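Working notes, beginning with the structure itself.
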Amino acid sequence: MSAAPVTSPSRSHDGAAASLLNDEERLRIRAKSAQFAPPTAALPDGRRDLVGLSREELTDIMVEIGEKPFRTKQLWHWIYHQGVTDFSRMSSIARPLQEKLAERFIVGRPGVVTEQTSQDSTRKFLFRFRDGQEAETVYIPDRQEDRGAVCISSQVGCTLSCTFCHTGTQALVRNLGSAEIVGQFMAARDSYGEWPSPKGETPRLLSTIVLMGMGEPLYNYDNVAKAMRIIMDGEGIGLSRRRITLSTSGVVPMMDQCGAELGINLAVSLHAVRDDLRDEIVPLNRKYPIREVIAACRRYPAASNARRITFEYIMLRGINDSEADARELVRLISGIPAKVNLIPFNPWPGSSYLPSTREQLERFAKIVMDAGFASPIRMPRGRDILAACGQLRTESQRVRRAARTDDAPDTAE
């Protein structure tokens, strides 16, 4: 079914006004993000990780150690096209330089703590970074074709506290750095042996990236943007911007910046059509209400009938799944090139919500589809390993903290 027709309600005027209003807010968001900055890329022995550096930064480092700028292209090819982590295997680089590089640098990966494969072939990784913090990444294979999406985390924990989301029960610890974000995708490709990077029309097993893991990507925009530029670079991993989707709960000022600078696909975690309800289940709505989020979607420059904005809508029984809710959803997104992903609630330990019944899911979907919007019901994947939507959470911190408490003497603080 085709998407609803696109209208363009004074996009340029709205965009200019929003830009003026949002500049100060963007500065505030960046200042707060800096409080959760990732640790330095340097190891205790002084070596530096080359993964996560921009081309310009890599060139500067080569010049600092007395090498010509063309070394950047060589290293970029080995790191991001070939997936090589050992300088001695970089055959186009002479041995004396290989040794020089090995003394000063590494080509890192996050450590794999656990790697679980679901009955439906979904694979979940728990990655540990150099400071001991952890985040989860999920590979979701397509049901029909040899391809799939890598669901990447952008933060350790989350600051949004959405009531239906298991990740939201883990407080934000810190942002992930560009190396840690890129490294999740590279480590997943290590697991599937997909090196060198496929070129042109060559099919990719790990074919898309969705920034839908732990955290709110737009509250870590600078590191996310840097990582995505590395991933999109045609001489390395070379993943098209059309194959990357960023999911946000509606950080309006950064939605505008993401659209202008990256032009990747946008998914919006809407989940409610009334501000009073969304205030409760997506607390960020108190800062950026539905009206402002929808207006930012209308401004989003990459949106078109070929690249529709995805509205994610988790279906909670008796809370947001009525036919009236469906009709209001249609009204809200009218004129936006969009599709709606209906997501059955995925239970997690301690949650109080119930998933909508199958009958109610289908009634809701029919109303949305009859209005001209694709409205697939996203079947849960990886539930048996807590890898489904809204189920990601690193338990290792809690376990370690409990272990320390058990070993502590029985004294009051």
Side-chain angles (χ1 to χ4, degrees), residues 3-22 25-26 29 160 162 164 211-212 216-219 221 245-260 262-316 319-343 364-365 367-375:
V6 180
T7 60
S8 51
S10 59
R11 264 195 183 186
S12 59
H13 173 77
D14 288 352
S19 179
L20 290 172
L21 291 170
N22 287 335
E25 183 68 4
R26 277 192 281 268
I29 289 170
L160 297 184
C162 297
F164 53 81
L211 287 152
M212 296 182 183
E216 165 55 67
L218 293 184
Y219 274 152
Y221 177 76
T245 298
L246 181 145
S247 176
T248 178
S249 290
V251 185
V252 170
M254 307 312 295
M255 291 167 67
D256 291 326
Q257 186 161 355
C258 178
L262 297 179
I264 56 181
N265 300 323
L266 183 68
V268 176
S269 295
L270 191 61
H271 306 313
V273 294
R274 306 189 322 271
D275 280 322
D276 61 333
L277 177 58
R278 197 165 189 265
D279 284 350
E280 177 186 338
I281 67 175
V282 184
L284 183 66
N285 195 73
R286 299 166 194 164
K287 179 71 176 175
Y288 306 111
I290 292 172
R291 176 181 56 81
E292 293 183 19
V293 173
I294 295 298
C297 292
R298 295 187 188 281
R299 295 191 299 268
Y300 197 74
S304 67
N305 280 327
R307 296 177 63 195
R308 292 170 289 171
I309 290 175
T310 300
F311 288 96
E312 297 167 317
Y313 198 95
I314 196 155
M315 298 290 286
L316 304 171
I319 293 175
N320 66 350
D321 62 349
S322 71
E323 287 89 336
D325 288 318
R327 287 190 287 271
E328 177 61 10
L329 175 59
V330 167
R331 189 194 69 78
L332 281 172
I333 67 176
S334 176
I336 299 175
K339 69 175 181 178
V340 179
N341 271 350
L342 299 180
I343 308 167
F364 196 105
I367 290 170
V368 178
M369 286 190 290
D370 286 350
F373 296 96
S375 184

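As a basis for the values below, the full set of heavy atoms in this structure was taken, side chains included, without hydrogen atoms, waters or symmetry mates. Nothing fancy with the numbering, it's 1 onward along the sequence. The structure presented is a predicted model; accordingly, all values stated were derived computationally and were not measured.
Val293 is listed as a side-chain neighbour of Val252, based on a closest heavy-atom distance under 4.5 Å. Between Pro253 and Ile29 the shortest side-chain heavy-atom distance falls below 4.5 Å. Between Leu329 and Phe373 there is no side-chain heavy-atom pair separated by less than 4.5 Å. Taking 4.5 Å as the limit, some side-chain heavy atom of Leu342 sits within range of a side-chain heavy atom of Ser375. Here the side chains of Glu292 and Pro289 are in contact, with some heavy-atom distance below 4.5 Å. Between Leu284 and Tyr219, the closest side-chain pair of non-hydrogen atoms falls below 4.5 Å.
Legend: residues meeting side-chain contact (heavy atoms from CB on, under 4.5 Å) with Ala295, ordered by chain and number and at least two apart, are Arg299. With sequence neighbours left out, Glu323 forms a side-chain contact (heavy atoms from CB on, under 4.5 Å) with Arg327, Gln360, Arg363, Ile367. In this view, Gln257 and Arg26, Arg30, Tyr221, Met254, Glu261 satisfy the side-chain contact (heavy atoms from CB on, under 4.5 Å) rule, not counting sequence neighbours.
Residue Arg274 holds its CZ atom at 11.5 Å from CG of Leu332, rounded to the nearest 0.5 Å. Atom CD1 of Ile336 is separated from atom CZ of Arg298 by 4.0 Å, given to the nearest 0.5 angstrom. Atoms OG1 and CG, on Thr310 and Asn341 in that order, are 5.5 Å from each other to the nearest 0.5 Å. Note that CG of Leu316 and CD1 of Ile281 are 5.5 Å apart. Values are rounded to the nearest 0.5 Å. In this structure, Glu328 CD and Ser322 OG are separated by 10.0 Å, a value rounded to the nearest 0.5 Å. Between Asn265 atom CG and Thr245 atom OG1 the span is 4.0 Å, to the nearest 0.5 Å.
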Walk me through it: do Ile333 and Val340 pass the test side-chain contact (heavy atoms from CB on, under 4.5 Å)? CA-CA 10 Å; Ile333 67 176; Val340 179; 3.8 Å; yes

How far apart are the C-alpha atoms of Val282 and Ser269, what are their side-chain angles, what is the distance that settles it, and do they pass the side-chain contact (heavy atoms from CB on, under 4.5 Å) test? CA-CA 9 Å; Val282 184; Ser269 295; over 6 Å; no

Using the rule given for side-chain contact (heavy atoms from CB on, under 4.5 Å), can you reason through Cys258 versus Leu266, listing the C-alpha separation, both sets of side-chain angles and the distance that settles it, and then say yes or no? CA-CA 9 Å; Cys258 178; Leu266 183 68; 5.6 Å; no

Derivation and outcome, side-chain contact (heavy atoms from CB on, under 4.5 Å), residues Tyr288 and Met255: CA-CA 11 Å; Tyr288 306 111; Met255 291 167 67; over 6 Å; no

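Taking all atoms of both residues into account, the shortest heavy-atom contact from Met212 to Ala267 is CE-CB, 4.0 Å. When all heavy atoms are compared, the tightest approach of Glu216 to Ser247 is OE2-O, 4.2 Å. Across all their heavy atoms, Pro217 and Leu211 have their closest contact at CG-O, 3.7 Å. Scanning both residues, Cys162 and Ser249, for their nearest heavy atoms gives SG-OG, 4.4 Å. In terms of heavy-atom proximity, Ala302 sits nearest to Gly263 at CB-O, 3.7 Å.
Between the side chain of Asn320 and the backbone N or O of Ile314, at least one donor-acceptor pair lies under 3.5 Å. Using modelled atom types, one side-chain atom of Arg278 and one backbone atom of Leu270 make a donor-acceptor pair closer than 3.5 Å. For the pair Asp275 (side chain) and Ile290 (backbone), a donor-acceptor distance under 3.5 Å is present.
Taking the six-membered ring where the residue is Trp, His271 and Tyr313 present tilted rings, their angle falling between 30° and 60°.
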